[in-house]
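Here the structure comes first, spelled out in structure tokens, and everything after it is commentary.
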Amino acid sequence: MSGRNLSFPKLCALGGDMGQMGIAEIHHVRPSQVRGAASLLLDRGWFIETIACLDLREGILVNYFYAHFTEPGRIVVRTLVQREEPEVPSIADIFQGAEWHEREAAEMSGVRFPGNPNPLPLLLSEDEESHPLQKAFEDRKPISNIVDEFIKAECWPAFISREEIEAEAEKRAEEAAAAKAAADAPAAPKAAKAAKEAEA
Amino acid sequence: MGVIKEFAEALKGLKSLIVGLGITGKEFAKPGVTVHYPRKVVADKDLVTYRGHIELVGSKNDPAMPPCITCLMCQSVCPSGCIKIIKHPPPKKDPAADKNAPPEAYASGLEPKTKAAPPAKEKPVKTPKGFILDYNYCSLCGLCVQSCPVDSLRFSTEFYIADPSKKAFVYDLMARLKAQAGTATAKEKE
Amino acid sequence: MSVFPKGDFYTRHFQPSGKEETLVVNMGPQHPSTHGVLRIIVELDGEYILRCEPVLGYVHRMHEKMGENRSWVQYWPNTGRVDYLHALAWNWAYAGAVEKLAGIEVPERAEYIRVITCELNRVSSHLLWWGAYLLDLGAFTPIMYAFDDREEIMDMLQMPTGSRLTYCYYRFGGVSADLSDEFLKRLSRFIPYLRSRLPMYRDLVTENVILRKRVEDVGHIDEDMCRRYGCTGPVVRGAGVAYDVRKAEPYSVYDRFDFRIPTYPEADAFARYMVRMDEIEESLKIIEQAIATIPDGPYLSKSAPKPKWSAPKGEACFAVEGARGKITYYVASDGGRTPYRVKLRSPSYCNLSCFAEAAKGVILADAVSILGSLDLVIPEIDR
Amino acid sequence: MNISNWTAPDPFVTTPDMLIRLVVGLLALAAFVGANATILVYVERKVAGFIQRRPGPFEVGPQGILQTIADAAKLIGKQLVTPRGSDGFLFWLAPIVGFLPVFVMFLPIPWGESTYVVQSDVGVLLILAFAGFGVLSLCLAGWASASKWGLIGAARAVAQSVGYEIPLLLAVLAVCFSHGSMDLMAIVKEQGGWPWQWNVATQPLAFFIYFVCALAETNRAPFDLPEAESELTAGFHTEYSGMGFGLFFLAEYANMIVVCSMATALFLGGFQGPAAPGPWWFLLKVYGLLLVMMWMRWTYPRVRFDQLLNLNWKWLLPLATLNLLATAVALKL
């Protein structure tokens with residue numbers, strides 16, 4: 001996997017093992033660097049496989065999968081976008097095939113791709129407003145729950161500060177607990193009654 | 001030259017058309033290959049390998065009862081949630097029955113040991129009371145059969161099934177097993 | 001002309017740049033040559049296509065979301081239903097991804113079984129495509145001959161898998177049932193039979209001058225276009241690039257078999273046609289070698305996960321060469337009961353995305369020819 | 001027959017004898033067309049079935065022989081839907097326009113030495129003239145149904161029919177030249193009973209061109225572009241339901257009989273045959289040609305539209321012209 005020397009601007013390149021996880025290289029970039037990576041990869045003869053978004057506690061992780069017709073391996077260019085402003089510049093003018101991948105990612109995960117020539121819904125109905133692949137808050141996991149090493153990497157803090165997320169999570173958890181307690185209090189006798197009925 | 005070449009190509013094309021006619025002509029003369037359904041059915045060798053809906057297997061001792069231990073593995077693994085096992089309710093503590101039992105005597109140790117073994121702890125009934133399969137939603141993945149720890153499930157080879165109503169495909173597998181056992185014993189008697 | 005001036009959402013977005021003298025027609029969602037519910041909005045100038053835009057999503061089932069709310073094992077049946085014509089390749093891609101993620105060993109016999117069944121499934125998929133493509137081009141008979149041969153394959157695949165189309169046969173760490181000797185015998189009888197049928201296919205169709213005129217020099221999709229759109233499979237091999245996942249990222253035991261990657265440099269519909277016809281022969285060659293060398297042993301690993309198993313945390317990607325191209329499963333796990341994210345990269349989806357460019361300026365009949373030569377399976381596009 | 005002898009048959013001074021012949025003939029033709037179309041549909045489906053190695057229609061009646069009648073009953077029983085935005089009058093006129101002229105085309109066909117309805121000196125002309133009506137019907141149908149697919153189908157039909165009529169005419173003309181007559185009966189009578197005495201032996205190229213053009217004129221595969229169902233869903237009859245579609249269907253088969261009858265009379269010696277000549281020879285030859293047409297339909301893919309026109313203008317037309325010239329020169333010599 002060495003000797004490829006893809007030197008596009010990036011935060012860091014870390015992880016990836018073709019044998020272990022089927023991904024040769026993982027490059028972390030800022031959203032603004034996605035286009036640079038794409039054009040460099042196109043010059044080197046890579047083609048786009050797909051775009052996959054992960055909805056995480058830290059934000060939405062947008063993964064661009066690239067593969068090559070003659071070289072083995074798979075390169076993932078990933079970037080993290082904040083949920084408040086989920087925008088990644090479109091690469092549809094570099095890889096035309098990415099237009100559909102972006103449209104799919106946009107409607108499924110709620111990431112916006114400014115510059116996409118045809119930003120219509122692709123698979124869902126045109127009046128669908130929700131993003132099905134966005135998870136509920138309590139289902140969202142921090143990236144450390146999936147891959148540890150990204151947290152250890154120095155590039156991760158560039159995306160997001162860890163404390164912020166934890167603080168928000170704690171706050172949410174407290175709120176949820178309070179709400180639950182409030183809801184449980186009157187519901188408790190009811191629940192007992194229901195259980196009795198079920199037994200009978 | 002160009003004209004000659006064009007004509008040669010056209011003739012080649014015509015030849016290919018005639019070859020095509022020859023092939024379909026030959027096939028015309030051959031017998032048909034389709035299975036003429038109501039009159040003929042699929043050969044058994046192709047039928048026995050078909051995985052239809054699941055059914056219960058009779059246990060060795062009692063062909064009308066499955067060896068199922070109601071572990072609910074199949075029910076929980078089913079991706080479509082189409083298996084429903086009804087358990088026997090847990091045995092109720094009957095105070096009258098308790099009175100008949102001579103716990104004190106045993107406790108005292110005065111009873112002769114040769115008389116009888118102490119009554120074993122009442123076993124909870126493990127066989128299912130009911131086993132319902134909603135075949136409408138089944139995707140025939142076979143995960144239930146594979147996950148059954150006591151091999152109580154198998155695939156039926158039934159596929160001549162059709163019904164205008166969805167209700168017809170909600171099978172009571174216990175009843176089915178009983179019916180199968182009944183016909184099997186009837187055959188044996190004959 | 002237009003009785004329904006408003007049109008629907010997509011037509012409204014499509015129309016504004018249309019000229020007065022052109023005709024905007026909907027090819028689909030119910031159209032004989034879109035092989036299912038695919039809709040293509042076409043702007044016609046006479047018989048020539050000025051521009052077109054595929055509209056997808058009519059059979060969208062949200063497989064990716066379903067992956068997130070059912071357990072690892074429960075996701076199996078979904079994999080067979082993405083591409084119903086080459087279901088085992090999708091089975092394999094999911095199996096491979098999760099096995100990679102969890103480091104599950106697959107017994108050697110299971111690998112051979114996978115190769116045999118998957119290649120057999122590929123042959124059946126190509127046969128169906130052949131018939132359906134000819135149907136697109138107006139010949140009715142070939143599909144019946146193809147079905148005749150395909151029927152035998154389906155009967156054979158039914159022996160281990162128990163189903164005929166949407167197989168759910170592979171498991172983590174192997175397959176769900178062993179191959180019987182009867183199956184292997186029947187298969188080794190079938191291979192020479194199918195080989196003897198192929199010359200008939202060639203004489204009836206491939207050599208036919210009408211077909212040649214319909215597919216030669218039609219629908220150029222060259223290497224550069226494949227790269228920009230991510231086209232794989234017979235499309236890229238028809239553009240002269242010997243790209244086959246079985247060779248490029250060798251998985252399973254494919255490196256033990258001797259087979260060729262058929263390529264044709266013409267990059268037209270005929271090249272793609274020929275690639276598929278050659279692939280049938282190559283697949284038969286692989287199956288033949290696999291039957292000869294299949295080892296004994298267990299068909300399911302002892303460490304195969306139990307039904308309530310959860311994968312360890314991490315992420316994994318696994319690519320498989322399907323009949324239509326590169327199938328990639330990306331799975332991410334947080335160690336929970338369900339996958340955290342499943343991403344399906346379907347080849348038809350990427351192959352279709354280049355249709356708008358490939359069909360620009362061609363005749364309507366050629367568009368049908370191009371569409372057919374991409375070998376689309378709509379449920380795979382919509383997922 | 002000498003063309004100078006020809007006088008227009010005046011319907012008002014016809015003899016009772018001729019009137020009876022006409023009425024009986026028309027009735028017989030109606031029965032014949034109906035019966036034959038029914039049989040042909042059945043035969044076509046059986047041929048398709050056997051070529052594709054399946055039984056074809058099988059359930060209605062022995063060997064499915066009543067299948068077409070059942071289908072006809074179904075078609076008649078169906079609701080006639082007039083699509084929104086269509087021109088209702090023209091829409092329903094089109095199938096009738098397509099079907100009626102077929103009767104006229106049958107009139108001058110010599111079935112047997114004495115089995116004919118009208119013996120006209122310009123029989124060939126009559127058939128060719130009324131054959132033009134077919135395209136009018138397709139054009140009307142496609143245009144009036146307010147369907148874009150229908151419109152494209154209609155446009156194709158017009159371009160195709162107009163184009164292919166010319167080489168067809170030239171091919172027929174070559175035969176008429178060599179016999180010096182346009183009377184089908186005379187042409188048949190001048191041919192002998194054995195295949196080498198037929199016109200196809202002296203005019204093979206004309207026969208080939210005629211047959212190809214006849215396929216195109218009747219919109220049969222591989223030239224079924226106006227209704228190419230994989231491209232245009234069903235072309236000009238996309239929007240027709242019930243018997244509207246049924247009439248197009250019937251007209252197609254009736255047209256097939258007409259073109260094959262004409263081919264038989266012009267090139268294959270008509271009712272002449274070895275041993276005893278008679279109508280059976282005629283029918284045998286017609287059905288032979290029809291079977292070849294069906295055989296071709298179930299073997300070939302469809303040609304593309306521009307290729308279809310190229311074949312006509314670049315191949316058939318020059319060939320037909322050359323053939324005609326050669327015939328003329330040979331006759332002069």
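Protein chains get the first letters and strands the later ones, always in sequence-line order, with residue 1 at the start of each.
Between chain B and the options C:G80, C:C168, C:P160, the largest number of non-hydrogen pairs under 4.5 Å is found for C:C168. Contact count against chain B (heavy-atom pairs under 4.5 Å) is highest for C:R186 among C:R164, C:K213, C:R186. Per-residue counts of heavy-atom pairs under 4.5 Å with chain B were compared for C:A177, C:S180, C:P77; the largest is that of C:P77. For the set C:R81, C:E182, C:M66, the count of heavy-atom pairs under 4.5 angstrom toward chain B peaks at C:R81. The choice from C:M154, C:Q158, C:M144 that makes the most heavy-atom pairs within less than 4.5 Å of chain B is C:Q158.
In this structure, no portion of C:R212 lies under 4.5 Å from any heavy atom of chain B. Neither the backbone nor the side chain of B:S80 comes within contact range of chain C; no heavy atoms are under 4.5 Å apart. Of the atoms belonging to C:R202, not a single heavy atom falls under 4.5 Å from chain B. The parts of B:S76 that come within reach of chain C are both its backbone and its side chain, each placing non-hydrogen atoms under 4.5 angstrom from that chain. For a residue to count as touching a neighbouring chain, one of its non-hydrogen atoms must lie under 4.5 Å from one of that chain's; by this rule C:Y75 does not touch chain B. The parts of B:V77 that come within reach of chain C are both its backbone and its side chain, each placing non-hydrogen atoms under 4.5 angstrom from that chain. With a threshold of 4.5 angstrom between heavy atoms, C:N208 approaches chain B through its backbone and through its side chain. In this structure, no portion of C:S71 lies under 4.5 Å from any heavy atom of chain B.
In summary, the aromatic rings of C:W309 and C:F172 are positioned with their centroids under 6.0 Å apart. The distance between the ring centers of B:F155 and B:H53 does not fall below 6.0 angstrom.
Ring geometry for C:Y273 against C:Y133 counts as tilted: the plane angle lies between 30° and 60°, on a 0 to 90° scale. Between C:Y329 and C:Y94, the ring planes lie tilted relative to each other; the angle falls in the 30° to 60° range. Between C:F190 and C:Y193, the two ring planes are tilted [angle within 30° to 60°].
Between the side chains of B:Y50 and C:S163, not a single donor N or O lies within less than 3.5 Å of an accepting N or O. One side chain, C:R70 or C:N78, offers a donor N or O that lies under 3.5 Å from an acceptor on the other.
Listed here is the closest heavy atom pair of C:S176 and B:R51: OG-NH1, 4.2 Å.
A cation-pi arrangement is present between C:R150 and C:F147, with the terminal nitrogen or guanidinium carbon under 6.0 Å from the aromatic centre and inside a 45° cone about the axis.
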